[in-house]
Enquirer: 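The structure follows.
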Amino acid sequence: MSFLKVNNLKVYYPIRGGFFRRVVDHVKAVDDISFELKQGETYGLVGESGCGKTTTGRTIIGLNKSTSGEILFEGKDLTKLSRRDFHHHRQDIQMIFQDPYSSLNPRKRVLDIIAEPLRNFERLSPGEEKRKVEYYIEKVGLNPESIYKYPHEFSGGQRQRIGIARALTLNPKLIIADEPVSALDVSVQAQVLNFMQDIQKEFNLTYLFISHDLGIIQHMCDRIGIMYRGQFVEQGTSKEIYSNPQHIYTKRLISAIPDINPEKRVRQVELRQEINAEYKNSYEKYFNAEGKVYQLKQISDTHSVALP
Amino acid sequence: MSNQPLLELKNLRTSFRINNNYYAAVDDVTLTIKENEVVAIVGESGCGKSALALSIMGLHPQGRTKLEGNVNFNGKNLLSLTTSEMNKIRGKDIGMIFQDPLTALNPLMTCGRQIEESMTYHTNLSSGKKKQKALELLKKVGIPNPERTYKQFPHELSGGMRQRVVIAIAIACEPSLVIADEPTTALDVTIQAQIMDLLKDLQRQMKTGIILITHDLGVVAEMADRVAVMYAGEIVELADVKTLFKNPLHPYTRSLLNSIPSTASEKDRLHVIKGIVPSLQNLPREGCRFKERIDWIDDHNHEEHPILREVEANHYVRCTCYNHFHFPEEIGDSKYVVS
Amino acid sequence: MIKFILRRFVVMIPQLIILSVLIFALAKAMPGDALTGQLASNPKMDAQTLHELKQKLGLLDPPYKQYLHWAGGLLHGDMGMSVIHQVPVTQLLAGRMENTLILSLAILILSYMIAIPLGIVGGRWTDSWADKMVVGYNYLTFATPLFIFALIMLFIFGFVLNWFPTSGSVDIRVEDGTFSYYMSKLNHLILPALSGAIVNTTVTIQYLRNEIIDTKIKDFVKTARAKGVNESKVYTQHILRNSFLPIAAFLGYEIVYLIGGSVFLETIYGYPGIGQLFIASISQRDFSVVTALVMISGLATLIGTLLSDIILSAVDPRIRIE
């Protein structure tokens with residue numbers, strides 16, 4: 001039994017039109033994707049804005065409704081659970097959001113922010129609750145006294161740590177991190193990323209790491225899925241994706257990353273031009289008549305590509 | 001690359017009023033941008049890089065900002081000009097590109113009109129000529145269907161297309177200097193790459209000087225000729241781009257480079273800079289401003305009044321602490337390793 | 001666009017039917033009818049004649065029949081007879097409707113003439129002494145109830161200074177259609193319109209001032225300045241157009257609100273509009289007039305909402321209605 005298995009997940013939004021506002025078409029935010037997460041690993045979901053990576057994460061945690069498909073978490077299909085049963089499973093899956101400035105309620109103290117999930121799921125005495133919150137606030141490297149402060153008294157990195165403490169309180173097994181460091185400066189970003197790796201070891205966490213930043217994804221993830229217009233174009237280990245990309249879209253994404261070595265500048269531009277030319281010339285090889293990608297095909301045990 | 005100075009900042013100090021006191025966000029910055037040269041100003045939020053850009057353009061809100069020093073451009077000190085004199089330079093001799101192309105365009109005006117607007121103020125072109133020029137500009141910045149985009153409103157375009165329109169506005173009057181404030185930060189990677197390539201192309205064609213404000217060292221490595229690293233309002237290191245990436249000297253530059261999850265290296269842990277960027281009011285104004293964040297370096301290794309000193313040809317570093325700097329990880333000094 | 005408007009009209013039909021049923025039921029539920037008063041005041045009226053009269057007027061039919069009769073009439077533009085005035089309701093309303101519309105439009109135009117410059121001054125020169133005066137003015141008008149303000153205006157300019165007439169919509173001595181007729185109408189309009197307008201400025205000033213303050217720090221304004229656009233053009237071309245959006249969007253509601261809000265003004269100034277008629281008809285139990293007026297204001301609200309949507313889509317290219 002896999003830890004998390006997503007089978008043929010689709011999330012469609014209706015487009016209404018005409019005189020009677022009938023459903024005339026769908027926005028296919030997530031269009032038939034399947035992937036699997038092993039316990040303890042970090043799986044990266046990469047793609048550009050609008051590719052459906054965030055919708056996928058939100059659907060797994062139940063913030064969006066799936067149109068069809070299965071989300072098997074430890075063998076149970078989350079899409080078929082009743083509200084009550086789903087609530088129970090919510091404890092095991094938590095989310096870290098992108099913007100540490102807007103994801104924390106500015107009128108609540110840190111204590112109340114971190115204790116909120118506890119209050120939803122467990123009945124603890126105020127003393128126990130405080131002890132638990134203090135335990136986690138120390139785990140994320142903040143001063144226990146800071147639980148009586150308000151979010152605006154913290155820096156961006158500290159706020160993101162508060163968000164992580166909140167996600168940790170219920171002992172989750174899976175954490176969905178949606179662009180957790182995009183809003184942070186490089187040095188603060190490093191701090192949060194290191195810290196996420198530490199707690200992963202300590203609490204045996206599994207991460208679904210959603211990001212548009214390929215540098216961060218490579219640094220953090222064991223395996224990666226590349227999304228394009230709601231579908232997967234390629235999936236494999238970090239190494240496979242970065243050193244042996246097969247799909248033209250993956251190649252395009254990787255060649256777009258600015259190289260930190262100024263000496264390679266010219267080469268980088270040439271590479272992009274080559275890949276753009278290939279993209280134009282061999283478009284039919286990678287995309288069907290509707291401009292969609294093909295189904296994933298296995299090319300090694302771990303590596304699969306969307307090819308006809 | 002010619003060696004004519006295009007823009008000369010001399011001891012520029014920009015201070016903001018907070019509770020009736022003035023605090024310098026840009027502190028004693030001296031920097032020269034030559035014709036046809038791309039100078040990147042890099043640093044994290046709060047280092048003063050955007051404040052510097054707005055100071056050159058004179059776009060800070062008046063009354064709450066104090067500007068001192070010199071901004072010499074075309075033989076004039078821009079800081080001594082009146083608003084209407086400045087308006088003759090803005091958009092004509094100096095163009096500006098902003099970070100977020102969605103908010104940088106007026107939602108109620110067609111793209112064509114927004115491009116033509118700067119020509120209205122700086123040229124005597126007829127409306128037909130302006131339209132013709134706007135269409136040329138749209139083509140130049142790589143818009144596939146200029147006629148159509150000319151009539152479109154910003155919300156009808158994708159992020160990348162919008163940024164191209166913003167660039168078209170900035171170069172409409174063929175300025176000799178363009179200030180680009182985080183021009184690719186709000187964009188997706190592939191779009192970022194396209195915009196970087198476009199900017200480089202245009203720069204080569206038009207021989208424009210560019211001041212590139214960014215926090216992204218990758219963008220710096222791909223675009224800049226020279227780099228100024230800013231920390232807490234000051235330039236801490238200034239060098240040509242190859243030297244800076246090959247032989248970074250100032251502890252802040254080295255720390256920044258070590259904290260990037262780079263695709264080239266697969267290190268397990270990223271370097272973390274201890275502490276946080278101090279707020280404007282809490283900035284240490286005496287001594288080395290980076291001192292607190294590298295407190296494993298002995299006090300006597302810092303200068304009392306650090307200046308930006310030329311340590312090798314065209315390579316400038318502030319404070320002597322760089323001579324003694326090492327990462328705590330390097331000598332296994334685990335007490336100072338921050339996670 | 002035409003499709004959108006048509007659909008909105010189609011949606012209005014059930015809304016209007018529900019409204020008419022409610023109004024009818026409420027009118028029936030009120031104690032007494034138009035004849036109740038006559039019984040006491042008219043000694044010749046005995047129970048027999050009253051019964052016959054009621055039968056003649058259809059007041060004894062089962063309610064659904066009465067409703068269908070009434071609603072059927074509405075469709076033909078027949079709103080019944082005013083029992084008190086003994087004329088068809090439509091005829092009674094026509095002239096008053098015109099007066100109320102004139103008054104509302106006058107209030108709207110005057111209040112924009114006052115509010116827009118004040119809002120711009122406050123928004124552009126925030127925290128200046130001029131802005132402080134605008135804010136002070138706003139507090140004052142916000143805290144002053146319309147009926148008290150109208151009474152004070154009436155007392156000072158009507159009775160003490162004697163500059164303006166104190167009641168009516170036109171001098172009865174002038175001949176219809178002449179120049180002096182229109183001057184007299186205008187003369188009667190000024191005082192109620194001005195009092196209504198001044199109290200009505202608060203919301204517009206507040207909206208506009210806040211909107212300008214928000215807009216002037218937006219990035220596209222910086223872009224405009226970076227192009228070398230001079231300060232006054234930055235305002236006219238960029239900031240103001242964007243700041244007027246919510247006010248333009250509010251226009252449709254505003255008209256409806258003013259028509260409905262004319263009750264106080266018309267009563268205080270004895271201005272013969274529908275507001276005054278409404279109050280009088282309620283106290284006289286003239287239900288055919290009351291129901292007709294409520295029905296009309298319901299319809300006006302629906303059209304006002306539609307109007308607002310249409311105006312907004314016309315001024316804001318981001319909002320497309322199809």
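Source: prediction; values computed, not measured. The chains referred to below are lettered A, B, ... by the order of the sequence lines, with proteins before strands, and numbering in each begins at 1.
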Enquirer: Say whether, by atom type as modelled, one donor and one acceptor occur between the side chain of A:Arg265 and the main chain of B:Ala221 under 3.5 angstrom.
Expert: yes
Enquirer: Hey, could you give me the CG/CG distance between B:Asp216 and A:Asp213, rounded to the nearest 0.5 Å?
Expert: 8.0 Å
Enquirer: Look up atom CG in A:Asn261 and atom CZ in B:Phe245, then write down how far apart they are to the nearest 0.5 Å.
Expert: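 The CG atom of A:Asn261 sits 9.0 Å away from the CZ atom of B:Phe245.
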Enquirer: Using non-hydrogen atoms and a 4.5 Å limit, figure out which bit of A:Ser49 sits close to chain B: side chain, backbone, both or neither.
Expert: both
Enquirer: Without swapping roles, check the side chain of B:Glu222 against the backbone of A:Asp259 for a donor-acceptor pair under 3.5 Å.
Expert: yes
Enquirer: Under 4.5 Å from any heavy atom of chain A, what part of B:Val220 do you find: side chain, backbone, both or neither?
Expert: backbone
Enquirer: Hey, is NZ on B:Lys139 packed in by over 12 heavy atoms from elsewhere, all under 6.0 Å?
Expert: no
Enquirer: Which one, B:Gln192, B:Met223, B:Lys246, leads in non-hydrogen pairs under 4.5 Å with chain A?
Expert: B:Met223
Enquirer: Around A:Glu145, counting heavy atoms of other residues, nucleotides and ligands shown, do more than 12 lie under 6.0 Å from its CD?
Expert: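 Atom CD in A:Glu145 is not crowded, with 12 or fewer foreign heavy atoms closer than 6.0 Å.
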Enquirer: OG of A:Ser187 to CG of B:Asn258: how many Å apart, nearest 0.5 Å?
Expert: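 Reported value, rounded in 0.5 Å steps: 12.0 Å.
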Enquirer: Quick check: closest heavy atoms across B:Lys200 and A:Val269, and the distance to 0.1 Å?
Expert: NZ-CG2, 3.3 Å
Enquirer: If you count every heavy atom of other residues, nucleotides or ligands that lies below 6.0 Å from A:Glu153 atom CD, does the total exceed 12?
Expert: yes
Enquirer: Need one label for B:Leu256: side chain, backbone, both or neither, based on atoms under 4.5 Å from any heavy atom in chain A.
Expert: side chain
Enquirer: Heavy-atom distances under 4.5 Å only: say whether A:Leu253 touches chain B with side chain, backbone, both or neither.
Expert: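 Contact with chain B is through both the backbone and side chain of A:Leu253.
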Enquirer: Let's test your reading of the structure: which of B:Thr190, B:Leu244, B:Val189, B:Thr184 forms the most heavy-atom pairs below 4.5 Å with chain A?
Expert: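 Most pairs with chain A among the choices: B:Thr190.
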Enquirer: Quick check on B:Met196 against chain A: is it the side chain, the backbone, both or neither that has a heavy atom closer than 4.5 Å?
Expert: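 When you check distances to chain A, only side chain atoms of B:Met196 fall under 4.5 Å.
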Enquirer: Using heavy-atom distances under 4.5 Å, tell me whether A:Glu48 contacts chain B through its side chain, its backbone, both, or neither.
Expert: both
Enquirer: For a side chain to side chain contact (heavy atoms under 4.5 Å, CB included) check, start with the C-alpha distance between A:Arg272 and B:Gln194, then their side-chain angles and the critical distance, and finish with the verdict.
Expert: CA-CA 9 Å; A:Arg272 273 177 216 150; B:Gln194 288 167 11; over 6 Å; no
Enquirer: Take a 6.0 Å sphere around CZ of A:Arg252 and say whether it holds more than 12 heavy atoms from other residues, nucleotides or ligands.
Expert: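 For A:Arg252, atom CZ is crowded (more than 12 foreign heavy atoms under 6.0 Å).
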Enquirer: Mind listing the closest non-hydrogen atom pair of A:Leu193 and B:Pro261 along with its distance?
Expert: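 Reported closest heavy-atom pair: CD1-CG, 4.2 Å.
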Enquirer: So, B:Ser259 and A:Gln189: side-chain donor and acceptor under 3.5 Å apart, yes or no?
Expert: no
Enquirer: Could you measure the distance from the CG atom of A:Asp198 to the CZ atom of B:Arg269? Nearest 0.5 Å is fine.
Expert: 4.5 Å
Enquirer: Answer yes or no: is there a donor N or O on one side and an acceptor on the other, between the side chain of A:Asn194 and the main chain of B:Leu270, under 3.5 Å?
Expert: yes
Enquirer: Nearest 0.5 Å please: distance from the SG atom of A:Cys51 over to the CG atom of B:Asp188.
Expert: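 It comes to 8.5 Å.
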Enquirer: Mind checking the CD-CD1 spacing from A:Gln191 to B:Ile273? Nearest 0.5 Å is all I need.
Expert: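 Reported to 0.5 Å precision, the distance equals 9.5 Å.
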